[in-house]
Amino acid sequence: MPELPEVETVARGLHKRLAGDRIREVWIGPHKKLLQSPARQMERVLNGALIVAFRRVGKHIVGQLETAEGPAQWVIHLGMTGRCLVYDAAAEMEKHTHLVATMESGCEMRYVDPRRFGKLKVLTRGEFHAAGAEPLGADREKFYERFHRRKTPIKSALLNQTLLTGIGNIYADESLFRAGIRPRRRADRVTRAEYERLYDGIQQVLTEAIAAGGSSVSDYVGAEGERGFFQLQHRVYQRTGEPCLVCGAEIQRVVLGGRSSHYCPHCQR
DNA sequence: AGATCAACCTGTGAGC
DNA sequence: TGCTCACA
DNA sequence: GTTGATC
């Protein structure tokens, strides 16, 4: 599942391969629900656009474009199974390919998404901004202020993208493990000291995951098809029934808001 | 306000 | 091999 | 992964 570290990896890969290149031709598939801008507008903006840069904003990939009409932005959300891949030549078209941008250099950027939960749009005015704060380098005090009065489970708060943007199921569980906090603890019952540990845990987990190229659970791959390897360092996520790497206790699984949560009953309180 | 569940989709692996 | 169920 | 309805 693409969360902040995976999206960061993809954005860096796209930037490396495509910055400075120009889109020569765009093909858009029939599933219009993926589009948050009309297909016509998407084609008009992308066709002939110079790719200035790609960057990550929360879980969004933002392509900075220069078009005949002026600057524009290409905003991509990968949903659960979206992939942005750069192909060298006209490789065989993968199943579930929904958009192909052929570059002047000859390579193609393809958006592939089996479940079609992703979203694509173009903006021709204004700067794209995510609802919540970036977790990496977030202000410690603001982080505490925004969380500590909530009655919702701490894990639900971490998944709330209007508070912090970019944390998903994997990194919420892994951060809570590092902080020693159970996912169901009410956010307003988490102590100040625990919030300090949680903040540090988030920084560490995200930084390490980015360095590892993200987590390749299910079929996540980066822009050049490379797998991440942070899944090898998961301490609780999808380790239900296995021994805790710290204390040996059995990792537990509970469902919270319809999503699996994994924790060590001994290390996390 | 918060919790739960369904919806949006397809693929995969487990178990019978 | 095929069906169903759980899960991402 | 996100959103919207309902209790």
Side-chain angles (χ1 to χ4, degrees), chain A residues 1-11 29-37 56-62 75-85 93-99 110-121 128-132 134-135 145-175 182-190 206 209 214-222 227-228 230-231 234 236-242 251-263:
Chain A
M1 291 167 298
E3 303 177 29
L4 187 151
E6 290 76 31
V7 178
E8 177 71 32
T9 303
V10 173
H31 294 282
K32 303 300 189 237
K33 288 185 73 178
L34 285 162
L35 307 184
Q36 289 186 313
S37 306
R56 176 195 63 76
V57 176
K59 286 178 197 171
H60 299 263
I61 296 163
V62 179
V75 183
I76 303 171
H77 193 291
L78 301 174
M80 291 274 277
T81 54
R83 281 140 62 199
C84 281
L85 296 156
M93 198 65 77
E94 250 184 283
K95 199 174 177 184
H96 305 299
T97 300
H98 302 110
L99 182 146
R110 300 184 189 170
Y111 180 74
V112 180
D113 187 357
R115 294 181 73 179
R116 308 203 295 276
F117 290 165
K119 290 281 176 271
L120 306 164
K121 67 178 167 188
F128 175 79
H129 57 92
E134 284 292 336
E145 269 307 313
R146 285 195 146 197
F147 277 72
H148 84 108
R149 280 182 226 282
R150 304 194 172 255
K151 295 174 179 159
T152 194
I154 185 65
K155 162 123 184 226
S156 304
L158 286 174
L159 293 178
N160 181 343
Q161 302 293 299
T162 65
L163 269 36
L164 289 179
T165 176
I167 296 178
N169 214 25
I170 298 173
Y171 300 106
D173 282 2
E174 293 297 321
S175 300
R182 293 196 187 183
R184 287 213 273 224
R185 281 270 294 289
R186 278 170 51 151
D188 63 355
R189 305 261 173 83
V190 173
L206 295 179
S215 301
S216 281
V217 297
S218 70
D219 59 353
Y220 162 77
V221 289
R227 292 171 57 79
F230 193 68
Q231 68 279 7
H234 290 176
V236 287
Y237 184 74
Q238 282 194 335
R239 293 194 64 243
T240 310
E242 291 176 42
I251 301 302
Q252 306 291 306
R253 173 182 179 273
V254 292
V255 176
L256 223 145
R259 322 227 26 215
S260 293
S261 299
H262 316 77
Y263 70 95

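So that the names make sense, note that chain A is the first sequence line, chain B the second, and so on, each numbered from 1.
For the OP1/OP2 pair of dG11(B) and a distance below 4.0 Å, the side-chain nitrogens and oxygens of H96(A) include at least one atom meeting the criterion. Contact check, K95(A) against dT10(B): no side-chain N or O comes under 4.0 Å of OP1 or OP2.
Counting to the nearest Å, the P atom of dA8(C) and the CD atom of E6(A) are 15 Å from each other. Atom C1' of nucleotide dT12(B) and atom CG of D219(A) are separated by 10 Å, given to the nearest angstrom. Spacing between atom CG of D113(A) and atom C1' of dA8(C) amounts to 13 Å, rounded to whole angstrom units. In this structure, the CD atom of Q238(A) is 17 Å from the P atom of dA6(C), given to the nearest Å. Whole-Å rounding puts the M1(A) CE to dT12(B) C1' distance at 15 Å.
For the pair S216(A) (side chain) and G228(A) (backbone), a donor-acceptor distance under 3.5 Å is present. Although no hydrogens or angles enter the test, the distance criterion places no donor-acceptor pair under 3.5 Å between the side chain of H31(A) and the main chain of K33(A). Panel note: side chain Q36(A), backbone L34(A); no donor-acceptor pair is recorded below 3.5 Å. With hydrogens and angles ignored, the 3.5 Å screen pairs no side-chain donor or acceptor of R115(A) with any backbone N or O of T81(A). Remark: side-chain polar atoms of Q161(A) are not paired, donor with acceptor, to backbone N or O of A131(A) under 3.5 angstrom. Of the possible donor and acceptor atoms, none in the side chain of Q252(A) sits under 3.5 Å from a partner among the backbone N and O of H262(A).
Look at the P atom in both dT2(D) and dG11(B): the space between them is 22 Å, to the nearest Å. Comparing dC5(C) with dA6(B), their P atoms are spaced 15 Å from each other, to the whole Å. Nucleotides dC5(B) and dC7(C) have their P atoms positioned 13 Å apart, rounded to a whole Å.
Classified by interplanar angle (parallel below 30°, tilted 30° to 60°, perpendicular above 60°), the ring pair H98(A)/Y111(A) is tilted.
In this structure E8(A) satisfies the side chain to side chain contact (heavy atoms under 4.5 Å, CB included) test together with R12(A), R56(A), I210(A), sequence neighbours excluded. With sequence neighbours left out, H96(A) forms a side-chain hydrogen bond (donor to acceptor under 3.5 Å, both in side chains) with no residue at all.
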Check nucleotides 13-16 of chain B against the protein and report each pair of N or O atoms closer than 3.5 Å, with its distance, or say if there are none.
none

Tabulated below should be each protein N or O lying under 3.5 Å from an N or O of nucleotides 3-8 of chain B; please produce it.
from: dA3(B); atom 1: OP2; to: T152(A); atom 2: OG1; distance (Å): 2.5
from: dC8(B); atom 1: O3'; to: K33(A); atom 2: NZ; distance (Å): 3.1

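The shortest distance between side-chain heavy atoms of E134(A) and L4(A) falls below 4.5 Å. Side-chain contact between E6(A) and M1(A) is absent, with no heavy-atom pair separated by less than 4.5 Å.
Counting heavy atoms of neighbouring residues, nucleotides and ligands inside a 6.0 Å radius, atom CZ of R185(A) exceeds 12 of them.
Between Y220(A) and E3(A), the side chains place no donor N or O within less than 3.5 Å of an acceptor N or O (distance only, hydrogens not considered). For the residue pair T97(A)/R110(A), the side-chain donor-acceptor check at 3.5 Å is not satisfied.
Across all strands, R184(A) comes closer than 4.0 Å to no nucleic acid atom at all (heavy-atom distances). Residue S260(A) is classed as a sugar-phosphate contact, given heavy-atom separations below 4.0 Å to backbone atoms only.
Interface limits on DNA chain D: the 5'-most and 3'-most nucleotides within less than 4.0 Å of chain A heavy atoms are dG1(D) to dT2(D).
If you check residues 157-173 of chain A against DNA chain B, you find no residue with a heavy atom closer than 4.0 Å.
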